[in-house]
Chemist: 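The structure that follows is given in the form of structure tokens.
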Amino acid sequence: MTLSVSISMPGGYVAEGSSADKLSVDDVLLVAYQMVHSFPGGVAAVADAVGMPKGTLTHKLNPTNLHHHLSVREALLIQKAIGSTALLQREATFLGQACHPSVRRLDVLPPSEALTAVVVAFGQFLQALAEPINRAAAEGAGALQAVSQSEENRVNFHAVGLQEAIADCQESMRALRRQAPVGEGY
């Protein structure tokens, strides 16, 4: 039996002490600028991939330009062309949300791995939930009064991970399903 444990990328939830509550729209737009400029081939390659003149994309990504703006359609096309969701992640953080892939895996885990992953994910979820509650109780504050947004984001992040692990278990079970016998008259 082999065990695989996935460690989520940083930014999946907001850690304690972060400045997520202080993000501005300009911080979000800076991610788009960095994402395009750090892509191999830079602005020219991305502009070509999304069917836009290089100069137009350069103007739309310029944080000091107040006249040309990146549209939602263009932002989506750029992220798809680059293969990065960094902009989407930053937008979600700005809005106090978290993003997670809708397709977790293309393969089917063996049942033992899927069950182990559920146990690990459940433990992570419980730890994320228990830490702020226990801390609040130790401080004498009510749990709901002392829980920060970043702690809530962390719980939500691990809740989604648990849901994904449960889905993996369901898929593993489906893969083991026997075919119903086919007889005459059925």
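Heads up: numbering here begins at 1 and tracks the sequence. Remember, predicted model here, so these are calculated numbers, not experimental data.
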Chemist: So does Leu88 get a backbone contact from the side chain of Gln79, meaning a donor-acceptor N/O pair under 3.5 Å?
Modeler: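 Side chain of Gln79 to backbone of Leu88, a donor-acceptor pair under 3.5 Å: yes, one is there.
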Chemist: Atom CD in Gln127, atom CG in Asn134: separation rounded to 0.5 Å?
Modeler: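 Reported value, rounded in 0.5 Å steps: 10.5 Å.
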Chemist: Just by distance, do the side chain of Ser172 and the backbone of Ala114 share a donor-acceptor pair under 3.5 Å?
Modeler: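 Pair absent, no side-chain N/O of Ser172 close to backbone of Ala114.
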Chemist: State whether the number of non-hydrogen atoms from other residues, nucleotides or ligands found under 6.0 Å of Arg73 atom CZ is greater than 12.
Modeler: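 Open: at most 12 neighbouring heavy atoms sit under 6.0 Å from CZ of Arg73.
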Chemist: Supply the atom-to-atom distance Leu61 CG to Thr56 OG1, rounded to the nearest 0.5 angstrom.
Modeler: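 Nearest 0.5 Å value for the CG-OG1 distance: 10.5 Å.
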Chemist: Determine whether Asn153 and Thr93 make a side-chain contact, defined as any pair of heavy atoms from C-beta on separated by less than 4.5 Å.
Modeler: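 Sidechains of Thr93 and Asn153: no contact.
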Chemist: Restricting to salt bridge (Lys or Arg N to Asp or Glu O under 4.0 Å), what partner residues turn up for Glu74, sequence neighbours left out?
Modeler: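 Glu74 satisfies salt bridge (Lys or Arg N to Asp or Glu O under 4.0 Å) with Lys60 only.
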Chemist: If every non-hydrogen atom of Ala175 is compared with every non-hydrogen atom of Val108, which pair is closest and at what distance?
Modeler: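 Looks like CB-CG1, 3.9 Å.
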Chemist: Could you measure the distance from the CD1 atom of Ile82 to the OG atom of Ser38? Nearest 0.5 Å is fine.
Modeler: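 Result: 7.0 Å between the selected atoms.
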Chemist: Can you see whether Asn62 engages Thr64 through a side-chain donor-acceptor pair at a distance of less than 3.5 angstrom?
Modeler: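 There is such a pair (donor and acceptor under 3.5 Å, judged by atom type) between the side chains of Asn62 and Thr64.
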Chemist: Which pair of non-hydrogen atoms, one from Ser84 and one from Met35, has the smallest distance, and what is that distance?
Modeler: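 Residues Ser84 and Met35, closest heavy atoms: OG-SD, 3.7 Å.
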Chemist: Are the side chains of Val31 and Gln89 in touch, meaning some heavy atoms are under 4.5 Å apart?
Modeler: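 A side-chain contact is absent here, since even the closest heavy-atom pair is not under 4.5 Å.
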Chemist: Would you say Val119 and Leu115 make side-chain contact, with heavy atoms under 4.5 Å?
Modeler: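 When only atoms from C-beta onward are counted, Leu115 and Val119 do not touch, as no gap falls below 4.5 Å.
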Chemist: Is any side-chain heavy atom of Pro111 closer than 4.5 Å to a side-chain heavy atom of Leu176?
Modeler: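 A side-chain contact exists here, since the closest heavy-atom pair is under 4.5 Å.
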Chemist: Which heavy-atom pair separates Val118 from Ile166 by the least distance, and what is that distance?
Modeler: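 Answer, listing the atom of Val118 first, then Ile166: CG2-N, 3.9 Å.
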Chemist: Are Leu29 and Pro63 packed together at the side-chain level, in the sense that at least one heavy-atom pair is separated by less than 4.5 angstrom?
Modeler: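 They are not in side-chain contact.
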Chemist: Any idea which heavy atoms bring Leu87 and Val28 closest together, and the distance?
Modeler: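 Scanning both residues completely, I find the closest heavy atoms to be CD1-O, 3.4 Å.
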Chemist: How close do Ala128 and His158 get, counting heavy atoms only, and between which atoms?
Modeler: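 That would be CB-CD2, 3.7 Å.
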Chemist: Output, in order, the C-alpha distance, side-chain angles, deciding distance and verdict of salt bridge (Lys or Arg N to Asp or Glu O under 4.0 Å) for Glu131 and Arg135.
Modeler: CA-CA 6 Å; Glu131 285 175 352; Arg135 180 189 42 72; over 6 Å; no
Chemist: In the structure I gave you, are the side-chain heavy atoms of Asp27 and Phe94 within less than 4.5 Å of one another anywhere?
Modeler: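 No, their side chains stay 4.5 Å or more apart.
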Chemist: Are there more than 12 heavy atoms of other residues, nucleotides or ligands under 6.0 Å from atom CZ of Phe122?
Modeler: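 Result for CZ/Phe122: open.
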Chemist: First locate atom CE of Met52, then atom CG of Leu77, and finally report the distance between them rounded to the nearest 0.5 Å.
Modeler: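 Output value for this atom pair is 8.0 Å.
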Chemist: Quick check: is Tyr33 connected to Val72 through a chain of hydrophobic side chains (ILVMFWY, heavy atoms under 4.5 Å apart)?
Modeler: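 Val72 and Tyr33: separate clusters.
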Chemist: Looking at Ala117 and Ala165, what are the two nearest heavy atoms and their distance?
Modeler: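 Result for this residue pair: O-CB, 3.9 Å.
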Chemist: Do Arg174 and Glu171 pass the salt bridge (Lys or Arg N to Asp or Glu O under 4.0 Å) test, and can you show the C-alpha distance, the side-chain angles, and the key distance before you say yes or no?
Modeler: CA-CA 5 Å; Arg174 272 191 286 282; Glu171 189 59 35; 3.1 Å; yes
Chemist: Identify, with sequence neighbours excluded, every residue that meets side chain to side chain contact (heavy atoms under 4.5 Å, CB included) alongside His59.
Modeler: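 Asn65, His68.
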Chemist: Under 4.5 Å between any side-chain heavy atoms of Leu129 and Ile133, yes or no?
Modeler: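 Yes, side chains in contact.
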